[in-house]
Amino acid sequence: MIQSPEWLKKALFYEIYPQSFYDTNGDGIGDLNGVIAKLDYIKGLGFNAIWLNPIYDSPFYDAGYDVRDFKKVAPRYGTNEDAYRLFEEAHKRGMHVILDFVPGHTSIDHPWFKKSCLPEKNEYTDRYVWTNDVGQFPKGYRSINGFYDRNGSVMTNFFSIQPALNYGFYKKEENYQQTSDEPGPQSTIHDMTDVLRFWMSHGADGFRCDMADSLVKNDTPDHQGTAKVWHQMIDAIKGEFPEAVFVSEWNSPYESWNSGFDVDFLLFQEWVKDGNFMLIHGDHPYFSFAKPASLFAKPYFHNLQAMAKEGEKIGHYYAPITGNHDVPRVSHDINEEEVKLYMAYLYTSRGVPFLYYGDEIGMTYWEGLPSKEGAYARAGSRTPMQWDSSAQAGFTTSDSPYFPVNPNKDAINVASEELDPHSLLHYVRDLLSFRKEHVALDNDANITFIAQLHAKPLVYQREKDGEKLLIAINPSNKEAKVEIPEKDAKVIRSYGEYAKEKRTLTLKEGSYVILQY
Ligand code: GLC
Ligand code: CA
């Protein structure tokens, strides 16, 4: 297995939802020049990598995850030249930019799809997954038909406006099905690899790959068919661009790593109820002080330990996150003090951490905000970035931004948090700079969770190049005691109240301590 590029060892990602970040031309929609304008802000916080949600030409029925042209920037975000300049400006600052790659489907407006819908055979006839006549797909798959002249149903992936690109079926069971090795799927793979090559050769540093586990249909439960397809694409690109980074939306790091990915998100892992979500969401978020930890907390950290060991062995990563454009914000079920301890965990544990724009200032999920561009309930996490307390929070000069600005902008915004040394913004910036000062906190540094009698406090050791740290976090309203494994350990950072007596550390409610030895 190829080791992940060196730069991932220190990468700290900031996710930008481009339409809501910063608008520079007053049309009420964020744009690429806006991202460029805010690079110094992002860098100033300590981030050195950016994940940009889709920026491609699209009719925006699913916020750009319905791509009409994979090689063209959507006019509302700017031009391809703006994207190239963004890569350049980021590189000048020692930062990396990864794009969102949507391999599984296109928009119904994509020229490939229009040609695929034609009754007469052509180059794109097999570009999508079609049945004969109005045939049915295997159970669990959806399809659409009726608005084109071709006989057949076409499979869709997420929304019905997202027809599935043809990467083949794992096993041919019906005569309309093709395996991944046949010419149709191979030409999809060829053209999609070419999309990756296009952006890499213009300066992108890698990709976050959408619905990565779902390419091959009727795949084995462990996605062997999909793994093979990814290897074909990723190996080709890594052969040409060894520094390219591939991050998957897979929700299963072992499978993702086996498919050639460097990083997989910790989101809804199936190996424990709600995965990473159990830490910050639901009825018993682990980081809620008042509530007892969910029953799943112990098995979660147990499984995470095994996964971390495997990641260390093969030089790959999982990615702990604050949230993303699909889920409620981190502040939805836990309060600011609790968020602070979660951030302490995020930035002292192993892996490549991702922070969703606005989480650094505590932006909130807007319950009930009407949907737009296929957002549905996700709208609440996609509102404009709150830069200051002016009418549109400094996001745009337009008085009708495409999503309304959250009225809580007067209290929650960058400008006012800059002035307050106790703000979340200062807290996050301090944490990031602390992480960078300690090799034992590098993304690849080893982690050993120290089992506790109870699920809280959370205690783990990190180690790299001779530096050893013990991190003890107490996300609870009860005092907790922790045994210090070594006698000459010194406290190098703390939050909240604690006492250290010989080999015993007493953590007061809502505190954390980091010891070095
Ligand atoms: C992923 C994206 C989501 C999108 C879907 C379909 O889950 O994160 O926003 O709607 O895939 O592409
Ligand atoms: Ca704009």
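Predicted model only: the values in this text are computed from it and were never measured. In this chain, residues are counted from 1 in sequence order. Counting starts at 1 for both ligands and their atoms, following the listed order.
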(request) Please could you name the atoms of ligand 1 that Met211 approaches to less than 4.0 Å, counting only its heavy atoms? (result) 6 (C), 11 (O)

(request) Please name the residue in the list Asn408, Asn406, Asp410 that meets the side-chain hydrogen bond (donor to acceptor under 3.5 Å, both in side chains) test with Gln386. (result) Asn408

(request) Could you list the atoms of ligand 1 found under 4.0 angstrom from a heavy atom of His105? (result) 6 (C), 12 (O)

(message) Any N/O/S atom, side chain or main chain, of Gly30 closer to the Ca ion (ligand 2) than 3.0 Å?
(response) no

(message) Of all the N, O or S atoms in Asp23, which has the shortest distance to the Ca ion (ligand 2)?
(response) OD1

(request) Please determine, by modelled atom types, if Tyr318 and Ser256 share a side-chain donor-acceptor pair under 3.5 angstrom. (result) no

(request) Please report which non-hydrogen protein atom sits nearest to atom 10 (O) of ligand 1, along with the residue it belongs to and the distance in Å to one decimal place. (result) Asp62 OD2, 2.6 Å

(message) Exactly one of Trp51, Phe277, Trp250, Tyr356 should register a ring pair (Phe, Tyr, Trp, His ring centres under 6.0 Å) with Phe265. Which one does?
(response) Trp51

(message) Looking only at the side chains, is there a donor atom on one of His223 and Asp219 sitting less than 3.5 Å from an acceptor on the other?
(response) no

(request) Tell me, please, if Asn25 has any N/O/S atom, main chain or side chain, under 3.0 Å from the Ca ion (ligand 2)? (result) yes

(request) Considering heavy atoms of the protein only, find what lies nearest to atom 1 (C) of ligand 1 and give residue, atom and distance to 0.1 Å. (result) Asp210 OD1, 2.6 Å

(request) Check all N, O or S atoms of Asp27 and name the one closest to the Ca ion (ligand 2). (result) OD1

(request) For residues Asn443 and Arg435, report the shortest heavy-atom separation together with the two atoms involved. (result) OD1-NH2, 2.7 Å

(request) For atom 8 (O) of ligand 1, grab the closest protein heavy atom and report residue, atom and distance to one decimal in Å. (result) Asp326 OD2, 2.5 Å

(request) Any atoms of ligand 1 less than 4.0 Å from a non-hydrogen atom of Arg208? List them with their elements. (result) 2 (C), 8 (O)

(request) Please round to the nearest 0.5 Å and tell me the distance separating atom CH2 of Trp366 and atom NE2 of His332. (result) 14.0 Å

(request) Could you tell me the residue and atom name of the protein heavy atom closest to atom 7 (O) of ligand 1, and the distance to it rounded to 0.1 Å? (result) Glu249 OE2, 2.8 Å

(message) Nearest N/O/S atom of Asp31 with respect to the Ca ion (ligand 2), by atom name, please.
(response) OD2

(request) Could you tell me whether Asp326 and Arg382 have a side-chain N and a carboxylate O separated by less than 4.0 Å? (result) yes

(message) Quick check on contacts: which atoms of ligand 1 are under 4.0 angstrom from a heavy atom of Arg378?
(response) 3 (C), 4 (C), 9 (O), 10 (O)

(message) Less than 4.0 angstrom from a charged side-chain N to a carboxylate O is my criterion; do Lys43 and Asp40 meet it?
(response) no

(request) Indicate whether the side chain of Thr364 and that of Arg329 have a donor and an acceptor atom separated by less than 3.5 Å. (result) no

